[in-house]
Novice: 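Can you keep this structure in mind? I'll have questions shortly.
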Amino acid sequence: MIKTLLKSVREYKKDAILTPLFMVLEVMMECMIPLLMAYLIDEMTGGSISSIFKYGGLLLICSFISLFGGVMSARKGAVASVGFATNLRHDLFYRIQDFSFGDIDKFSTSSLVTRMTSDVSNIQMTFQMCLRMAVRTPMMVIFSSIMALSINARMSLIFFAIIPFVLLAIFLLARKVMPTFKRIFKKYDAMNESVQENVTGIRVVKSFVREDYETAKFKKTSEEVRKDFTYADKTMALMNPIMMFSTYAAMLLVSYLGARMIVASGGTDLTTGQMSSLINYGIQILSSMMMLSMLFVMLSMSIECGNRVAEVLNYEPTLDTNPAGLAKVKDGSIVFEDVSFKYSKDSEKYALSDINLTIPSGSTVGIIGATGSSKTTLIQLISRLYDATEGKVLVGGEDVRNYDVHALREEVAVVLQKNVLFAGTIKENLCWGDKNASDEEIRRVCQLACADEFIEALPDKYDTHIEQGGTNVSGGQKQRLCIARALLKKPKILILDDSTSAVDTKTDALIQKAFRTEIPDTTILTIAQRISSVENADMIIAMDNGRIAEKGTHEELLALNGIYKDVYDSQTKGKEEE
């Protein structure tokens, strides 16, 4: 895990190395100050102030050097930790871009968001603490111990006798808290998922007056996180009184035994200045142990964060993008050869079974079927949003797995069932299809998608701002913009997944007519619920329970008196009754 995370340090290695070096300089100067103070106290006889100037000057020099080391350590540590976190977020984001739909489903969207935000923030804080506190603590203990031993070895044993007790307390408390942090981050994912689901579907929530239900659901998950964090904080809060008890116990012993030693020896075994230095060194040693306890708290939390982040970075996507594959798609022909598919290896049921289908380039295919008949799953195999579990899918005469996935998707435009527009202008959204498209090309695809009339009626036309998710346009307008965006790619294959369901039948007919006349060489696959959207297709496929139940032209399927005929009759009857 640590090796994986440290790969993201990259250009900030220099700052990461300089941070502990400056910290060592600061610690060395801090450890010199009590010793100089001891000499100053012992030489202050009242007869001369030369010792005050001498040791006072040395104290100022050490203080300024210590200040310089501390400032530089803090500066370099901040640069290194922030840069490390930035690289880590970039690496996570770039890694997620290679995930297939199945990989996203495995981690869940809310969990990935948590890992890129709060998890990385925790890792950033711990990284900075490790660069500074993890160096400062042992160095301060080592240097202060050496200085204390050089002054009086017997008195120094008091501090060394207390250190094992403090370390044992830190270990036991951290061991008790670790499982709690593992639970917390899983509950964080659940809480974020609840928030994301609520905000995304806020219109549905308000339509059904379910605000109280959603509030209660969020309160429950939030309360679980609060309880776990409270338990962890209460447990680790025990560290402070333990450290205070240890520190003051050591100070009392040093003061009592030191005073007796000074009186008994007349200052030969231990001077007043030396006892003062011993107390200061004891405080430095035990204060460092307190810092160590804080570091353990952060480490306990960040180890779980680091494991979660490293899990994503080390995860091998199930979809091989094959960057060395074919870079050009010959034409828009599609062939399914004995294709079966299931979403997970552990699934017992296949979503698609025994699919054999040949679609010539430039033909128009309509796909109908009941909800859950795997219509969308079928077309997602073409652009490799998923890979077939068995059999193979050929595009342009080649297995889709032989292509560079980016080259394949450049030639396959998909208007998914869930239409998504991004924050920005209409023009910026359309240019997702072709970032170099001219204004004339943009207007032409909008005419094909019947989107030009409502765009021209807007005050800012193509510069009209679209809110995130397209919330300021209607469902039909959003669908037409998404179709125009797909057309701008000039694809060899155009897939419309129920993408005209929100437009009226007249507009739907105009869109279909424009496709037939304006892009006759593009293979078009249309998933629809309305017979009128597919009846003029060269071939119509009726799906049932993950299988192709019927295929043929409109007239051929009507003659079969099967699924297609039932759908046709139900829709025709409805029209006659109206």
Side-chain angles (χ1 to χ4, degrees), residues 1-10 81-127 181-202 214 217-218 220-222 224-225 228-229 301-321 343-347 376-377 380 383-387 405-406 409 414 416-424 432 468-470:
M1 179 263 287
I2 295 176
K3 185 178 179 181
T4 299
L5 297 180
L6 289 181
K7 289 178 182 178
S8 298
V9 177
R10 293 197 289 275
S81 61
V82 172
F84 167 62
T86 301
N87 287 345
L88 196 57
R89 285 195 179 94
H90 285 175
D91 294 344
L92 277 169
F93 188 80
Y94 297 152
R95 190 61 170 170
I96 292 169
Q97 299 308 301
D98 291 331
F99 282 7
S100 67
F101 280 14
D103 299 328
I104 298 292
D105 295 340
K106 172 183 170 62
F107 286 99
S108 85
T109 304
S110 58
S111 178
L112 291 172
V113 170
T114 303
R115 294 174 202 232
M116 289 187 63
T117 51
S118 59
D119 284 2
V120 172
S121 295
N122 288 332
I123 293 170
Q124 175 186 337
M125 287 189 292
T126 304
F127 181 69
F181 286 124
K182 289 184 179 181
R183 292 198 307 270
I184 285 174
F185 289 108
K186 289 181 180 178
K187 291 176 181 178
Y188 250 136
D189 290 344
M191 186 171 68
N192 286 346
E193 185 175 1
S194 176
V195 173
Q196 181 186 15
E197 186 178 55
N198 181 269
V199 173
T200 304
I202 192 66
E214 289 294 319
K217 187 170 72 171
F218 175 78
K220 181 182 177 183
T221 55
S222 179
E224 289 176 353
V225 172
D228 282 341
F229 261 122
M301 183 185 298
S302 296
I303 285 173
E304 183 60 24
C305 293
N307 286 329
R308 284 158 53 85
V309 170
E311 182 184 10
V312 177
L313 293 174
N314 291 328
Y315 181 75
E316 287 298 327
T318 54
L319 185 70
D320 179 15
T321 58
Y343 285 99
S344 170
K345 292 180 181 179
D346 301 326
S347 300
T376 298
T377 305
Q380 286 177 340
S383 55
R384 289 197 72 197
L385 298 177
Y386 293 101
D387 269 339
V405 73
H406 301 295
R409 290 175 183 170
V414 184
L416 294 170
Q417 196 169 14
K418 293 181 180 179
N419 296 292
V420 177
L421 293 175
F422 297 87
W432 276 60
Q468 185 178 8

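Throughout, residue positions are numbered sequentially from 1 according to the sequence presented. What you see is a predicted model; the values in this text were computed from it and never measured.
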Novice: Indicate the atoms forming the closest heavy-atom contact of Ala85 with Gln124, along with that distance.
Specialist: CB-OE1, 3.3 Å

Novice: Could you tell me how the ring of Tyr315 sits relative to the ring of Phe99: parallel (under 30°), tilted (30 to 60°) or perpendicular (over 60°)?
Specialist: perpendicular

Novice: Could you go step by step and tell me if Asp119 and Met116 meet the side-chain contact (heavy atoms from CB on, under 4.5 Å) rule?
Specialist: CA-CA 6 Å; Asp119 284 2; Met116 289 187 63; over 6 Å; no

Novice: With the side chain counted from C-beta on, respond yes when Ile96 and Ile104 share a heavy-atom pair under 4.5 Å apart, and no when they do not.
Specialist: yes

Novice: Quick one: pull up CG in Asn314 and CG in Asn307 and give me the separation to the nearest 0.5 Å.
Specialist: 10.0 Å

Novice: Return the minimal non-hydrogen interatomic distance between Thr117 and Arg89, and the atom names on each side.
Specialist: O-NH2, 3.5 Å

Novice: Given side chains that start at C-beta, do those of Arg409 and Leu385 come closer than 4.5 Å, heavy atoms only?
Specialist: yes

Novice: Please state whether the rings of Tyr343 and Tyr386 are parallel, tilted or perpendicular, taking 30° and 60° as the class boundaries.
Specialist: perpendicular

Novice: Val414 and Ser383: which non-hydrogen atoms are nearest, and at how many Å?
Specialist: CG2-OG, 3.9 Å

Novice: Only counting residues at least two apart or in another chain, list the ones meeting ring-ring contact (aromatic ring centres under 6.0 Å, His included) with Phe218.
Specialist: none

Novice: How close do Arg95 and Glu316 get, counting heavy atoms only, and between which atoms?
Specialist: NH2-OE2, 3.6 Å

Novice: Do Ile123 and Phe84 have side chains that get closer than 4.5 Å, going by heavy atoms?
Specialist: yes

Novice: Within the 4.5 Å heavy-atom criterion, are Arg308 and Thr114 side-chain neighbours or not?
Specialist: yes

Novice: Checking Asn122 now: which residues fulfil side-chain contact (heavy atoms from CB on, under 4.5 Å) with it, not counting sequence neighbours?
Specialist: Met125, Phe185, Met301, Ser302, Cys305

Novice: Is there a donor-acceptor pair under 3.5 Å between the side chain of Arg115 and the backbone N or O of Val309?
Specialist: no

Novice: If you draw a 6.0 Å radius around CZ in Phe93, do more than 12 non-hydrogen atoms from other residues or ligands fall strictly inside?
Specialist: no

Novice: Taking NZ, NE, NH1 and NH2 as the nitrogens, is one of them in Glu214 or Lys217 under 4.0 Å from a carboxylate oxygen of the other?
Specialist: yes

Novice: Residues in side-chain contact (heavy atoms from CB on, under 4.5 Å) with Asp91, at least two apart?
Specialist: Ser8, Arg10, Leu313

